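Presented below is the structure to which this report refers.
Being a predicted model, the structure only gives us computed values, none of them experimental. A, B, ... follow the sequence lines: proteins, then strands. Residue 1 opens every chain.
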2 protein chains.
Amino acid sequence: MDTNPHRISAAESEVMKVLWADSPKAAEDVVAILAKDQGWAEGTVKTLLNRLLNKGAIAADKDGRRFLYRPLIGRDDYVDTESQGLLDRLFDGRLAPLVSHFSKREKLAPEDVAELRRLLEKLDDQ
Amino acid sequence: MDTNPHRISAAESEVMKVLWADSPKAAEDVVAILAKDQGWAEGTVKTLLNRLLNKGAIAADKDGRRFLYRPLIGRDDYVDTESQGLLDRLFDGRLAPLVSHFSKREKLAPEDVAELRRLLEKLDDQ
DNA sequence: ACATTTCGTTTACGCGCGTAATCGTTGGCT
DNA sequence: AGCCAACGATTACGCGCGTAAACGAAATGT
């Protein structure tokens, strides 16, 4: 079904999130953050780092005796793939129907509407 | 990680899609559609129908010798959960940043922009 | 009645994921 | 030189999913 070669899993994306926030980082630091945020044990995070390495999603640069990890794929690209995937699956690949859905479900906060309006105006200007 | 009790998987959602499009339907019809659309074997679809039954996502009403299947959860609810999940994971739970992301990536077709504009106008009117 | 078809149910199986524990290696300390 | 600590790598294991095959019961044709 999902024939995509090397997808980033949910747990893995938490690791990516940490590295996107600030990198490069030693494993120790990633572990510390995810222990706090997700309650994960050291081994868990090490495994995830390795799987991401094998998938080519991050790189590890030797820094003395340890490695420093950094993302190889951009957060924007990731966000893009995920978002487009959802749109494709649920909204015929287009954005407007999603917004329409949220609107119908009354899930549009006034500040969201305001921000959308600003966005559209900016698009007009160019 | 995903502690949600009874999540609808990707393959299962294809079955739901068929039933949402038109129900109730006999297994045979669901099988026929998914054989064509997804290339799935009969057994595969049967399994998915059963898993959905166990999850309480669909119901089966006896119709003579066979069963007719119909969704128990609404498509809108499903779409809602999925969309909100994505927004929560990637966009701090809000819609505007997603639209902004698409805009930045130049993935907004002119007709999307037009449709968004119409939507916002309609929101104004009430 | 019996064989055959038709459905639904049960069982199977490999894979990735979440979650670790354990192993191996290498640099530092005594 | 030998031992310990730190770190990455390897192995483990149960679970759900994708994908079916096999099984069983009920209806139908002959």
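- If you check dC7(C), dT19(D), dA20(C) against the side chain of A41(A), the one that comes closest is dA20(C).
- In this structure the side chain of M16(A) never reaches within 4.5 angstrom of the side chain of R75(A), judged on heavy atoms.
- Using a 4.0 Å cut-off between charged side-chain N and carboxylate O, R117(A) and E121(A) make no salt bridge.
- Within residues 46-59 of chain B, the residues having any heavy atom under 4.0 Å from DNA chain D are, by residue number, T47(B), R51(B), K55(B).
- Within a heavy-atom distance below 4.0 Å of DNA chain D, the residues of residues 20-37 of chain A found are A27(A).
- Residues V18(A) and V15(A) form no side-chain contact, since every pair of their non-hydrogen atoms from C-beta on lies 4.5 Å or further apart.
- When rounded to the nearest whole Å, the span between CD of Q38(B) and C1' of dC17(D) equals 15 Å.
- Checked for salt-bridge contact, R66(A) and D61(A) miss the test: no charged N lies under 4.0 Å from a carboxylate O.
- Across dC17(C), dG8(D), dT19(C), the shortest atom-to-atom separation from the side chain of T44(A) is found for dT19(C).
- Atom pair F67(A):CZ and dA6(D):P shows a separation of 18 Å (rounding to whole Å applied).
- dG18(D) atom P lies 7 Å from atom CH2 of W40(B), rounded to whole Å.
- Under 4.0 Å is where a charged nitrogen must lie from a carboxylate oxygen, and between E12(A) and R7(A) no such pair does.
- As rounded to whole Å, 9 Å separates atom P of dG8(D) from atom CD of E42(A).
- Ion pair D80(B)/K104(A) not flagged as a salt bridge, since none of the NZ, NE, NH1 or NH2 atoms sits closer than 4.0 Å to an Asp/Glu carboxylate oxygen.
- Put simply, R66(A) has a side-chain N or O that comes within less than 4.0 Å of OP1 or OP2 on dC7(D).
- Contact check, S9(B) against dG18(D): a side-chain N or O comes under 4.0 Å of OP1 or OP2.
- One atom, CZ of R65(B), and another, C1' of dA25(D), lie 11 Å apart when rounded to the nearest Å.
- Rounding to whole angstrom units, CZ of residue R7(A) and P of dC17(C) are separated by 9 Å.
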